[in-house]
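Just below is one structure, and these are the notes that go with it.
Naming: A, B, ... by sequence-line order, numbering from 1 per chain.
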Amino acid sequence: MIFLKKRRIVLDFEQHPRLKEFKFSFSKILRNPLSFIGLSLIFLFLMIALFTPLIAVPEKPEEPFRIPHEGYSVVPKPPSPGHPFGTTTKQYDIFYGVIWGTRTAFRIGFMVVGSILVIGLVVGSISGYFGGIIDEIIMRITDIFMALPLLILAMAIVTALGRSLDNIMKSLIIVGWPIYARTIRGSILTIREEDFVRAAQAQGAGTLRVIFKHVLPNAIYPVLILASLDIGAMVLTAAALSFLGLGAQEGYADWGQMVSLARNYIVGPQGQPFLYWYVVTIPGLFILFFVLGWNLLGDALRDIFDPRLRRK
Amino acid sequence: MNFLNYIIRRLLLLIVVLIGVTLIIFALLSLFTPEQRASAFIRDIKQLEHIDSIIKTYGLDRPIFVQYFNWLREIFKGNFGWSTTVSRPAIEAFKNFLPNTVELALFSAPFIILGGIWLGSVSAVHHDKPIDHFTRFLSIVGWSLPTFWFGLVLLMVFYGYFRGLFPPEILGYKAQVFVESGEFVRYTRINTIDALLNGRFWIFVDAIRHLVLPVITLTTIQIALVMRIMRSSMLESLGKGYVLTARAKGAAPRTVIRRHARRNALIPVITVSGWLFAQLMGGVVITETIFNRKGLGWWWAKAATQLDIPAVLMAVLFNGALFVVINLIVDLLYAYIDPRVRLR
Amino acid sequence: MRELQSAESVLEIDKLKVNFYTYEGVVKAIDEISFALEDGDTLGIVGETGCGKSVTVLSILRLILPPGRIESGCILYGTKDSCIDLTQKNDEFMRSIRGNDISMIFQEAGNALNPVLSVGYQVSESFLLHRQQELCESVLNRIAEKRDRLSAYQRFRTWRYRRKLRKAEGNLLKDRHYGRLLKVEALRWSVDLLRSLGIPNPDEVVKRYPHELSGGMQQRVVISMALGCNPAVLIADEPTSNLDVTIQAQILQLLEDLKERYHSSILFITHDLGVVSEVSDKVIVLYAGTIVEFAEVRELFKNPLHPYTSALLHSVPHLGSRERLESIGGNVPNLVSPPSGCRFHPRCPHVMDICREQKPELYRGMEGADNRHLAACFLYQQEGVA
């Protein structure tokens, strides 16, 4: 009961600084046209991902991510009532593919960024809070990762592990965490020196309490911004790897692969150069808008949370 | 003397980084079978029959650290292994592909860096005005474009619709034949420069036509990176006391922006530009693949998907070295532009 | 056309009102303040942080940036016969005023100096902006001295340049050859200026960068930047607040000397009552964007009229006195929704009903006194409006 009471006091206090700041930030997001577009795009894709089975009814409910195809003709067919976006090579239905691909994209984005966020948080906090030799070692490792050609490395890892979407995600996690660890460490190092952390330590707060209660909540903004930008970037990279033929088996609902399938039909026959425009354009636009939504949001967040520009 | 000291220490760091990156790669290599690893030492397809003896000779079934030192020894002898993807020694393939990558980097970097600086300062000067929103929106759209898709769309329009106006690959057939003939001296192996040095203007034009689409692709996509940094550091710089001082002296807005604000704002841009240039030099995998430009990125993309280990190791070594050298150059530029930075 | 009220004034502010349009609402930073700066005087402006001191002086130079805006009022500059209203002028005209007729010394010299430009450039910049003609004359004289040694072509160029100078069109710095000479000349002037300010080794200092100088030295450089063009009005915005006490005294002494030498008038802004008593002739006390008291400096310290001023004076420790320091109760008001009537009334010990409803004007402090001691307080209403 005492616990509950305490909680209520905090909530009743409308002027709690963090809550106030959050309200301020949120109103800024909504007032900025760019971030508003970004939020709307993300919301749209979230809706698609939520209602996927209603929008594109799977023929085989046990394997919804397999794109249905009628026949094996390699020549794409233009949009028709049965196939609103047409069919790509081998008659895979483009509409079904892009709709179910939304779920794939969210899965890639959230899984990859979520994992590297957790790894980065743990490693970065250890490095930043304890410093010394541990910090030195971790930072040299991240240095080395920064010097590696990440895309080539990710490709090699996927190839070594075996071509599949899951392995693409694993490889992106392997190459992606160091930058998060660095960012977290950087902001922890600045915040660790702040007076309120000193004050908490002087009051006798334990290490874990200081980290979780005082340091992390203040250090996390740069990483969250990075994460929102990275959801787009990771989906983009995954699509690129998929495009290069490292992704799931053919016919899996994945945007990158759908662009890859269209590769031989970029240029139409003599006299009709744009005959197969839908094959490459539609999946590409889905990737573009998905990534754009996250990038617009992330960019606006970056501006809003930049302490140098805040409240200007 | 101090300066020399600094460079020497930086080059020592290079060795540390190189050892580090190769160690990571070897950690990954330990995932592979000895047979796969043996390919690093095969110089000819025929040698495949003797793969067991190769494994034995090079000790590929021995512990990984022993192998690491063996590999290092080979590197110091100049033996980088045999690249199966292109069927020639890795070092020779590297020399062959490097000029094409350098050419693309040299042509796209100025557009990306200078364009980004310009857009970023325009955007910052008109902070929160329509022009700021517009330039930011465009640059974020560019940043969100999937490279492979954008390249394909460009090809669709400029190669398909405009009948081969800007073709993919590096040179047209006629030019390629001429370049490889004895008449054409290949000073640098960079086609545009060699064409000018040889006085063959038509080859220069041909090479430029092949460069247009990759340069557009890279610029559109990467410009946001420089622009974003420039914008925020310019905004910060414009809010500083010295800008107010300059205005209070009676300096025109143009002078205030160019002389007082921009120079300070350039400092963080240098870092990101260095990083960007390292990326471009290290081979732009997707762009080179889409436009079929046979450069380092094209080769390494192929190598990575076919587990051509010597090529991947080459990629790692080259990128590591590039990273350190470009960081060194960035530091020197820092010291040039910011008097507060002294090389220690 | 407005006229200056008094023949002695160089600068008069009349009912100036400045608002800032922020996320929280409209901040009424300056609310109809009026004062005059007399020729050769030092006028101190005292007040707490955030009371609008800096905003006042920045709006004199029209350096207020959006979201800030000068809503109404006049800023008159000049002599009784010919004066201009700075609020009506365009930016180009203002640029010819800034740094030339009215210049400003900023607080925190470390921030006011550009870290990537040499001291020499920063000092000579105001010469290059406002003294191009004089610099040209000086360069041409210098050339004329060694005329015999010039080639025919050089002589031709000098002649052409002299002609151009007479027509005086465009930016002379753009001339390829003489632009450089002008910069060298401006640098020479800067060295002389720095030397006259008592900076040791000025030839060396101009080549240095701001971070290589000490705090006191940086402040001197900032002062020299403001004084280069011999301004009629010098605005000093807390020029000593971040310096050690000993250096503070040096800088104040320097300002005093310079005022004598250049016959400038100084608008001196500070939150430090000690400093203001040292340098100023007259003092304005600002509270929450309004003037609460105006007096000669001795008079103010001896006989503060406004309750805020006396409270302020009581909150400063006096040497030798063991009296308990008093703080002023309450908080500085939020300027988005300032208190009605007198902005000080929520904290005032002598608050009356009228204070809550009506805004006090500046009243004469004492029976028979002249306009030299004014307070914006209804306690003195019966003495009459100034």
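Only the side chain of B:T255 comes within less than 4.5 Å of a heavy atom in chain C; its backbone stays farther off. Only the side chain of C:L58 comes within less than 4.5 Å of a heavy atom of chain B; its backbone N, CA, C and O stay farther away. For a residue to count as touching a neighbouring chain, one of its non-hydrogen atoms must lie under 4.5 Å from one of that chain's; by this rule C:L113 touches chain B with the backbone only. Within the 4.5 angstrom heavy-atom criterion, atoms from both the backbone and the side chain of C:Q122 approach chain B.
Contact record, C:L117 with B:R259: CD1-O, 4.0 Å, taken as the closest heavy-atom pair. Residue B:P253 comes nearest to C:R95 through the heavy atom pair CD-NH1, 3.3 Å, listed as atom of the first residue, atom of the second, then distance.
In terms of heavy-atom pairs under 4.5 angstrom with chain B, the leader among C:I235, C:I105, C:L63 is C:L63. Contact count against chain B (heavy-atom pairs under 4.5 Å) is highest for C:A112 among C:A112, C:C229, C:G99.
Side-chain atoms of C:N111 and B:K240, non-hydrogen and from C-beta on, never get closer than 4.5 Å to each other.
For residues 262-273 of chain B, a heavy-atom distance under 4.5 Å to chain C picks out B:R263, B:N264, B:I267, given by residue number. The contact list for residues 99-120 of chain B toward chain C, using heavy atoms and a distance under 4.5 Å, is empty.
B:K249 contributes atom NZ, which lies 4.0 Å from atom CE of C:M225 (distance to the nearest 0.5 angstrom). Here the OG1 atom belonging to B:T245 is positioned 10.0 Å from the CD atom belonging to C:E125, to the nearest 0.5 angstrom.
Counting only distance, with no hydrogens or angles, the side chain of C:N114 and the backbone of B:Y242 share no donor-acceptor pair below 3.5 Å.
Shown here is B:Y187, whose OH atom has more than 12 heavy atoms of other residues, nucleotides or ligands within 6.0 Å.
A search for ring pair (Phe, Tyr, Trp, His ring centres under 6.0 Å) contacts involving B:F204 returns B:F201, not counting sequence neighbours.
Pairs engaging residues 217-228 of chain B under the side-chain hydrogen bond (donor to acceptor under 3.5 Å, both in side chains) rule: A:D299-B:R228 [sequence neighbours left out].
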Are B:R247 and C:L65 close enough, and set up right, to give a side-chain contact (heavy atoms from CB on, under 4.5 Å), and what steps lead you there? CA-CA 11 Å; B:R247 284 179 1 108; C:L65 282 178; 3.5 Å; yes
